[in-house]
Amino acid sequence: MKLEVITIFPDYFAPLRLSLIGKALDDGLVRLLVRDLRDFTHDRHRTTDDTPCGGGAGMVMKPEPWGEALDAVLAEVPGGPPPTLVLTTPAGEPFRQRVAEELSRLDHLVFACGRYEGIDARVPAWAATRMPVRELSLGDYVLNGGEVAALAMIEAIVRLIPGVLGNPASLVEESHADGLLEYPVYTKPPSWRGLDVPEVLLSGHHGQVAAWRRAQAEALTARRRPDLLPG
């Protein structure tokens with residue numbers, strides 16, 4: 001998979017060089033290109049924002065540098081399938097595990113990280129005539145910019161690519177993999193500070209362990225995230 005990020009803060013994405021994502025980059029499973037949006041400006045102040053039309057507080061990211069940045073992306077895939085553009089925005093559709101799975105199967109993703117009051121609405125409208133566009137929200141809250149959301153989304157997506165995790169079986173029973181939160185997990189020692197590992201997990205009876213885990217996942221989901229359960 002090829003990942004590209006367009007941002008005014010390229011250094012935000014240095015953590016992607018760490019841990020399993022960094023190993024995936026080193027192993028060639030993923031390629032990463034971070035583009036500085038200011039490289040596509042033409043004034044001495046490298047301006048990427050302006051006041052909103054119609055008035056109001058804050059600033060809006062200008063369409064011109066975004067258009068040139070996306071032109072540069074598309075120029076590198078002449079005649080080939082275009083990438084999918086992901087705009088991180090609190091006004092987007094919720095980013096769920098299902099969405100991460102869909103995006104992990106694609107070959108080329110471009111993340112556009114907005115700032116201030118967001119990106120001029122003409123940018124995604126124009127981009128949609130040239131490539132698939134997904135406007136995605138990390139949650140029902142507002143961040144200072146799209147970089148943190150893009151980092152979280154990239155990690156959720158890349159870890160699903162075959163070969164990235166050492167044990168792919170770990171993807172099967174984690175939270176949201178089957179619509180439920182993950183059951184509680186334990187390790188050795190069997191007793192710690194007066195708290196014991198549930199006896200069933202030490203029984204060696206795989207059927208009972210599986211039934212206990214399922215029951216725990218359902219109970220935890222009902223208590224913390226009842227919205228995930230069927231109506």
Side-chain angles (χ1 to χ4, degrees), residues 1-10 12-17 20-41 48 61-115 118-138 145-165 168 171 176-177:
M1 173 185 282
K2 181 177 181 180
L3 289 172
E4 297 192 56
V5 180
I6 306 172
T7 172
I8 60 171
F9 294 114
Y12 243 108
F13 294 89
L16 291 177
R17 297 289 175 183
L20 291 175
I21 309 299
K23 186 175 185 302
L25 291 168
D26 291 339
D27 292 344
L29 294 173
V30 180
R31 291 177 294 152
L32 175 66
L33 174 61
V34 180
R35 299 179 189 262
D36 188 340
L37 183 66
R38 297 190 190 277
D39 291 342
F40 301 94
T41 60
T48 61
M61 299 197 88
K62 295 161 59 69
E64 298 97 330
W66 280 105
E68 292 194 24
L70 294 175
D71 285 343
V73 170
L74 292 170
E76 295 180 2
V77 289
T84 293
L85 179 66
V86 177
L87 282 85
T88 55
T89 167
E93 65 172 298
F95 180 75
R96 308 286 195 200
Q97 187 69 14
R98 172 187 55 78
V99 176
E101 291 168 357
E102 292 173 9
L103 296 179
S104 73
R105 294 191 285 267
L106 301 179
D107 293 327
H108 190 176
L109 297 175
V110 179
F111 286 82
C113 301
R115 280 266 151 181
I119 301 171
D120 187 300
R122 291 170 292 182
V123 173
W126 174 87
T129 66
R130 289 157 176 80
M131 66 189 87
V133 175
R134 300 289 296 267
E135 297 193 48
L136 298 175
S137 170
L138 198 61
E147 287 78 11
V148 170
L151 275 171
M153 292 178 189
I154 289 171
E155 179 156 321
I157 292 164
V158 170
R159 67 190 299 277
L160 298 174
I161 297 173
V164 171
L165 292 189
L171 295 172
H176 305 292

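- Counting heavy atoms of neighbouring residues, nucleotides and ligands inside a 6.0 Å radius, atom NZ of Lys62 exceeds 12 of them.
- Between Ser104 and Ile161 the shortest heavy-atom distance is O-CG1, 4.1 Å.
- For the atom pair CD of Glu4 and CG of Leu33, the computed distance is 5.0 Å after rounding to the nearest 0.5 Å.
- Contact of the Val30 side chain with the Ile21 side chain is not registered, since no non-hydrogen atoms from C-beta on lie closer than 4.5 Å.
- The side-chain heavy atoms of Glu93 and Glu135, taken from C-beta on, include no pair separated by under 4.5 Å.
- By the 4.5 Å heavy-atom criterion applied to side chains, Val34 and Leu16 are not counted as neighbours.
- To the nearest 0.5 angstrom, Leu136 atom CG is 8.5 Å from Leu87 atom CG.
- Residue Pro132 comes nearest to Pro82 through the heavy atom pair CD-CG, 4.2 Å, listed as atom of the first residue, atom of the second, then distance.
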Take Val99 and Arg134 through the side chain to side chain contact (heavy atoms under 4.5 Å, CB included) test and state the conclusion after the steps. CA-CA 10 Å; Val99 176; Arg134 300 289 296 267; 3.7 Å; yes
If you apply the rule salt bridge (Lys or Arg N to Asp or Glu O under 4.0 Å), what do you find for Arg159 with Glu155, and how did you get there? CA-CA 6 Å; Arg159 67 190 299 277; Glu155 179 156 321; 5.9 Å; no
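- Across all their heavy atoms, Val123 and Pro63 have their closest contact at CG2-CA, 3.7 Å.
- Considering Leu106, Asp107, Leu109, Leu74 in turn, Leu74 is the only one that fulfils the side-chain contact (heavy atoms from CB on, under 4.5 Å) rule with Pro83.
- Looking only at distances, a side-chain donor or acceptor of Asp120 sits under 3.5 Å from a matching main-chain atom of Arg122.
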Walk me through whether Glu76 and Arg35 qualify under salt bridge (Lys or Arg N to Asp or Glu O under 4.0 Å). CA-CA 13 Å; Glu76 295 180 2; Arg35 299 179 189 262; 3.0 Å; yes
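- The CD1 atom of Ile157 sits 11.5 Å away from atom CZ of Arg105, with the distance rounded to the nearest 0.5 Å.
- Using a 4.5 Å heavy-atom threshold, the side chains of Ile6 and Phe111 count as separate.
- Inter-residue side-chain proximity for Leu20 and Leu165 is flagged as met; some heavy-atom pair is nearer than 4.5 Å.
- The shortest distance between side-chain heavy atoms of Leu29 and Val158 does not fall below 4.5 Å.
- Summarising the geometry, atom NZ belonging to Lys2 is positioned 4.5 Å from atom NE2 belonging to His108; distances are rounded to the nearest 0.5 Å.
- At a threshold of 4.5 Å between non-hydrogen side-chain atoms, the residues Thr48 and Arg38 count as touching.
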Could you walk me through whether Phe9 and Arg115 pass the side chain to side chain contact (heavy atoms under 4.5 Å, CB included) test, one step at a time? CA-CA 10 Å; Phe9 294 114; Arg115 280 266 151 181; 3.7 Å; yes
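- With contacts defined as side-chain heavy-atom distances shorter than 4.5 Å, the pair Arg31/Met1 does not qualify.
- Atoms CG and CG, from Leu160 and Leu103 in turn, are 10.0 Å apart once rounded to the nearest 0.5 Å.
- Scanning both residues, Leu70 and Ala127, for their nearest heavy atoms gives CD1-CB, 4.2 Å.
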Do Glu147 and Thr88 pass the side chain to side chain contact (heavy atoms under 4.5 Å, CB included) test, and can you show the C-alpha distance, the side-chain angles, and the key distance before you say yes or no? CA-CA 8 Å; Glu147 287 78 11; Thr88 55; over 6 Å; no
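- Counting non-hydrogen atoms of other residues, nucleotides and ligands closer than 6.0 Å to CZ of Arg130 gives a total above 12.
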Is there a side chain to side chain contact (heavy atoms under 4.5 Å, CB included) between Thr84 and Met131 once you walk through the steps? CA-CA 6 Å; Thr84 293; Met131 66 189 87; over 6 Å; no
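- Rounded to the nearest 0.5 angstrom, Trp66 CH2 and Trp126 CH2 are separated by 12.0 Å.
- When the shell of 6.0 Å around CD of Glu68 is examined, it contains more than 12 heavy atoms from other residues, nucleotides or ligands.
- For the pair Leu151 and Phe13, the tightest heavy-atom approach, listed with the atom from each and the gap, is CD2-CD2, 3.6 Å.
- Looking at every heavy atom in both residues, Leu37 comes nearest to Ala69 through CD1-CB, 4.1 Å.
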